[in-house]
Amino acid sequence: MSHGVSHSCPECLRSFRNSQGLSRHRNYQHREFTPASEGEDENNFEFNFHNSLNALPCNAAGAFLPPYTGPPPPPPPPQNGQDSEAWAPFNDRVEFDFTQFHFVEAQSSASDINKALELWAASVLKYGGTAPWKNARDLYATIDAIQLGDVPWKTFKMRYAGPLPPGTPPKWMTQTYDLCARDVRQLLHQQLATAAFKDHINLVPYQQFNHAGRRVWSNLMSGEWAWAQADLIAQNPRTHGSTFVAVVAGSDKTTVSVATGHQEYHPVYISPGVISGTARRAHGNGLLPAGFLSIPKTSKKHRAKPEYQKFVRQMYHACLARIFSPLKQAMLTPEVVLCPDGHYRRVVYGLGPYIADYPEQVWLAAVVQNWCPKCDAFPDNLDGEGARLRQQTKTDFLISVFDPGTLWDDFGIRSDYQPYTYGFPRADIHQLLSSDLLHQVIKGTFKDHLVTWVNEYLHLKHGEKRALVIIQDIDRRISAVPEFPGLRRFPDGRDFSQWTGDDSKALMKIYLAAVAGYLPSDMVKCLAAFMDFCYLVRRNSISSDDLDTIQESLDRFHRYRKIFIETGVRVTISLPRQHSLVHYIHFIQLFGSPNGLCSSITESKHIKAVKEPWRRSSHFNALPQMLVTLCRLDKMAASFRAYWGRGMMVGTTSSYTAMVLDGGQPQVVAAAIITGEQDNDEDTAVPGPKSLSSIELASTRQRVYPRDLLGLAAFIKQPRLPLLFRRYLYEAIHGPILDGAIPATNYPTFGGKIYTHHGAITRFYAPSDLCGAGGMYRETVRSNPDWHGYARRDTVLVDAGTPTMRGLVVGRVLLFFSFRFAEVDHECALVHWLVPVGDTPDPDTGMWVVEPELDGQEPSLAIIDINCIARAAHLIGVYGTAALPEDFHFSFTLDAFDRFFLNPYADHHMYEFLK
């Protein structure tokens, strides 16, 4: 098989580069702190594309198009923006927006919709008009009439067909069970045709190399597995020129109501493997529910019986096989599918990575509990040497040779059922099981293991009474952490009854600094090594150099975790979820970054796909009602995307209506992944493509501050402000000066107005964090004397070109302000500097330590242009061994301590350019 870098479709290459975030601009006024592993210029990368499965465009009949043939033009905007045919089945923008608000956004009940329609009818009655619907039932009928996004749910009856035991068989064996599923082919067609994915899709397996010639893994199609699958498919010459689409799947049980008897649902989600990981993590239609698995119920007496356990596993796999069966034919013979760029292509499907937590992986792989579903390591020594990866062919051979008891005891194999992948081409369940950052790393190793072990160590070391005092102080330290954009607060420490995945993610960002001082050095180093591993493997793009660093951090973690055995906390450390860490490097090489294949993606989808539809149901026989809601939501989302692409959703309802009444015409706009998130000043993901990083002052000018320089200095009690201000003006005109080189009498004077602001908004590329599909994130830095009853003065990272800390220093923002001087607008910040303590990070925690800089006895202050600010910084006090007062408030932290940890774990973007 020959492979090369050539590609016959320039449009595909352009889309590919956009999906990688490679089309970059440089801002020479504001340093772009884009992680080196993710933000190199496209000219520094080399790509090797698969030559046979190279996604050639074709027509609707499957005939390949001549090179450089463009896609059909998109549908034009309507000639009349109020054209009822363009809005069908709605009559106009007002009707659609009314439905969008009540059904999708507000999730109004039928009675609330009836009330709103009654008010609408009353408001137009005097003009002789009527409301478009009589009641909610009529509105629902209009939604049901939408043709877009219509992939109906069907119910399949499942019944045990094997031999029955003598006598009266148990009820669970003779019952009929319902499997609710959608046609996954139609669902994939809908996802692949989404124009918003045009710049977030990789249609050809590829190998990526950085400027040093080192391999880089990011999205699924960059891994060795996609390349190998393409090689296998290309053995059939009829597939040449096709597109390989791996079907990423995931499932996880979720409980919607404990109070009403633990009502459980088991949804299965699918996603096309050709879209980028960031697009899959965005809250669009990159991940959609494809089925709800049957959940057999029985008494506790029967649950432990081998017959029942075998039965539920067989049903589980029979349901999965039925869900994916519509794809089987197109796994061998290409079918023609519309792609996001408007071209048709011939597509070959394949079962891709499966996202599941450890208990479900055990079911999927048909292995015994406590064994690894990926390798044959023994449960009592999972991390020992000599273990080999499992393969389905090897498992089949062992089953043909050994009896079930030997398979169970010596190989950890269950032979009483077959994985659903049997009968599907090129599918090995052991290989396809996805590494799971949420349950294996964050919930498993961090929350269930390390945090628990630390508490057990404190009890063993100090006794029950003293340990409780220390743990309470650790909780106070956690609650004393200063505020930071996007960081959850823990007002009571980690003392909460039920941990969610988000709880664990938030706590691990601040836990290391909180326990440092109470733990021995090796235990702190163990936690630091684990944190490094966790943050490295969650990068959106991982190079082969990063793999070496990941292995080094894992080796450090394994070396230092022995402290828990040496101190008597553990007798042995052989735990399946912690053992899974040894497979991450191999998984990255096969499937790309685990960040795009994590159960946090499916768990977050539970809210929209399960929990909210359940709350909108009557709670009796809820699933059919939930499926109707899901269908209607899909139709509304598809309509929104279609209307958006034709320029029909521009502006507000009233502004759009006024435009078309005045004769204006909608204009076609670029497709965007619709997440439902509004563009506001909160810290959040930013929808849209990757763009230039930026910082700007919040738009609101604070009127309570004096507008003159001297008055402002007196008001904020900073008498040095006028001199600092005039020095800033001199340097803005003439460039930097050395201290004392220019007398202050030479500084310009200023008599204009100064406008004060309470915040600045930064936007930057952060694809490893929870971001928009384009990888963009927005955070707000605040300097507010009265933020919810206390003063909040955030800290920022400033590009100072120093030899330590990658040229960064920390500044605490005392004031944001703007003014105009010599016909130039200036946006500035008054900062108090904090400088590194020493030339290297702390040897135990690996974090830099900073302290406030003094100019004699006074704080070292400066006025800087806000374009020198990279982003917010997060500081945590160096607590040492002293206990905090019980009434200590987190707003005092930045004033109460003389040294601080610069926290690289505040988010992944911070970690990637501080470490």
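For the single chain, residues carry numbers from 1 onward in sequence order.
- A 4.5 Å side-chain heavy-atom check between R538 and P594 finds every atom pair outside the cut-off.
- Considering all non-hydrogen atoms of both residues, M315 and S294 come closest at SD-CB, 3.8 Å.
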*Just do the side-chain hydrogen bond (donor to acceptor under 3.5 Å, both in side chains) check on R561 and Q578 with the steps written out, would you?*
CA-CA 11 Å; R561 71 177 179 178; Q578 197 169 134; 2.7 Å; yes
*In sequence, state the C-alpha distance, the side-chain angles, and the governing distance for D448 and R577, and then conclude on salt bridge (charged side-chain N to carboxylate O under 4.0 Å, His left out).*
CA-CA 10 Å; D448 291 341; R577 286 181 295 174; 2.9 Å; yes
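- Rounded to the nearest 0.5 angstrom, F564 CZ and L450 CG are separated by 5.5 Å.
- Counting heavy atoms from C-beta on, the side chains of V368 and L407 never come closer than 4.5 Å.
- Without hydrogens or angle criteria, S593 side chain to N595 main chain gives a donor-acceptor distance under 3.5 Å.
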_Please evaluate residues V312 and W363 with respect to the criterion side chain to side chain contact (heavy atoms under 4.5 Å, CB included), reporting the C-alpha separation (whole Å), side-chain torsions for both, the decisive distance (0.1 Å), and the verdict._
CA-CA 10 Å; V312 294; W363 280 41; 3.7 Å; yes
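- Distance alone, capped at 3.5 Å, places no donor-acceptor pair between the S271 side chain and the V248 backbone.
- Without hydrogens or angle criteria, K509 side chain to D907 main chain gives no donor-acceptor distance under 3.5 Å.
- The distance between the ring centers of F557 and F533 does not fall below 6.0 angstrom.
- Partners of H579 by ring pair (Phe, Tyr, Trp, His ring centres under 6.0 Å), not counting sequence neighbours, listed by chain and number: H583.
- Annotation: F411 is not in aromatic contact with W371 [ring centroid separation under 6.0 Å not met].
- Scanning all heavy atoms of the two residues, the minimum distance from L288 to Q190 falls at CD1-NE2, 3.8 Å.
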*Verify side-chain hydrogen bond (donor to acceptor under 3.5 Å, both in side chains) between T445 and Q440, making sure each step is shown before the conclusion.*
CA-CA 6 Å; T445 304; Q440 294 170 347; over 6 Å; no
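- Between H586 atom NE2 and K374 atom NZ the span is 6.5 Å, to the nearest 0.5 Å.
- Each of T421, L389, L590 was evaluated against Q431; a single residue qualifies, L590, per the side chain to side chain contact (heavy atoms under 4.5 Å, CB included) test.
- Not one N or O on the side chain of Y905 forms a donor-acceptor pair closer than 3.5 Å with the backbone of H908.
- Because its NZ or CZ atom is not both nearer than 6.0 Å to the ring centre of Y265 and within 45° of the ring axis, K253 does not count as a cation-pi partner of that residue.
- The shortest non-hydrogen separation linking P267 to F292 is CB-CE2, 3.9 Å.
- Ring to ring, W614 and F620 are not that close: their centroids are 6.0 angstrom or more apart.
- Looking at T572 and D380, their side chains never come closer than 4.5 Å, going by heavy atoms from C-beta outward.
- The two residues S599 and H439 make their nearest non-hydrogen contact at OG-ND1, 2.8 Å.
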_The test is side chain to side chain contact (heavy atoms under 4.5 Å, CB included); show your working for Q229 and R426 and say whether it passes._
CA-CA 7 Å; Q229 290 284 300; R426 308 177 304 276; 3.3 Å; yes
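- Using a 3.5 Å distance cut-off with no hydrogens or angles, the side chains of T278 and S276 do pair a donor with an acceptor.
- For Y269 and H606, the ring centers sit closer than 6.0 Å to each other.
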_Stepwise salt bridge (charged side-chain N to carboxylate O under 4.0 Å, His left out) test for D376 and K394_ = CA-CA 11 Å; D376 58 6; K394 179 182 176 181; 3.5 Å; yes
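- Residues P373 and Y358 approach most closely at CD-CE1, 3.9 Å, considering heavy atoms.
- Side-chain contact of D555 with H558: a donor-acceptor pair under 3.5 Å is absent, judged by distance alone.
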*asked:* Please determine whether side-chain hydrogen bond (donor to acceptor under 3.5 Å, both in side chains) holds for the pair T406 and D403, giving the CA-CA distance in whole Å, both sets of side-chain angles, and the decisive distance to 0.1 Å.
replied: CA-CA 6 Å; T406 302; D403 63 85; 2.8 Å; yes
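- For Q329, the CD atom counts as loosely surrounded, since its 6.0 Å shell holds 12 or fewer non-hydrogen atoms of other residues, nucleotides or ligands.
- The distance from atom NZ of K443 to atom CG of L437, rounded to the nearest 0.5 Å, is 13.0 Å.
- When only modelled atom types and interatomic distance are considered, D532 and Y911 share a side-chain donor-acceptor pair under 3.5 Å.
- L554 places none of its side-chain heavy atoms less than 4.5 Å from the side chain of Y584.
- Side-chain contact between P576 and L382 is present, with at least one heavy-atom pair separated by less than 4.5 Å.
- Not a single donor-acceptor pair under 3.5 Å links the side chain of Q309 to the backbone N or O of K305.
- No donor-acceptor contact under 3.5 angstrom links the side chains of N219 and S222, judged on distance only.
- F446 has its ring centre less than 6.0 Å from the ring centre of Y511.
- Between R322 and S325, the side chains place a donor N or O and an acceptor N or O closer than 3.5 Å (distance only, hydrogens not considered).
- Counting heavy atoms from C-beta on, the side chains of C180 and L627 come closer than 4.5 Å.
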*Going through the checks in order, is the side chain to side chain contact (heavy atoms under 4.5 Å, CB included) test met by V247 and L327?*
CA-CA 9 Å; V247 183; L327 297 175; 3.6 Å; yes
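- Side chain of D428 to backbone of Q391: no donor-acceptor contact under 3.5 angstrom is found.
- For the residue pair N381/S574, the side-chain donor-acceptor check at 3.5 Å is not satisfied.
- Between H317 and Y417, a ring centre-to-centre spacing shorter than 6.0 Å is recorded.
- No side-chain donor from either of T254 and E264 sits under 3.5 Å from a side-chain acceptor of the other.
- Of all heavy-atom pairs spanning G596 and R280, the tightest one is O-NH1, 3.1 Å.
- You'll find the side chain of L398 reaches within 4.5 Å of the side chain of I413, heavy atoms only.
- Within the 4.5 Å cutoff, side-chain heavy atoms of M331 are placed close to those of L351.
- Side-chain rings of F591 and W217 stay apart, their centers remaining 6.0 Å or farther from each other.
- For the salt bridge (Lys or Arg N to Asp or Glu O under 4.0 Å) condition, no pair includes a residue of residues 350-367, sequence neighbours left out.
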*asked:* Walk me through whether V367 and R414 qualify under side chain to side chain contact (heavy atoms under 4.5 Å, CB included).
replied: CA-CA 5 Å; V367 299; R414 295 189 62 141; over 6 Å; no
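- Of the inter-residue distances, the one linking I588 atom CD1 with L547 atom CG reads 5.5 Å to the nearest 0.5 angstrom.
- Listed by first then second residue, pairs satisfying side chain to side chain donor-acceptor pair (under 3.5 Å) with a partner in residues 171-188 read K157-D178, R159-T176, Q175-Y177, R182-D634, R185-E335, not counting sequence neighbours.
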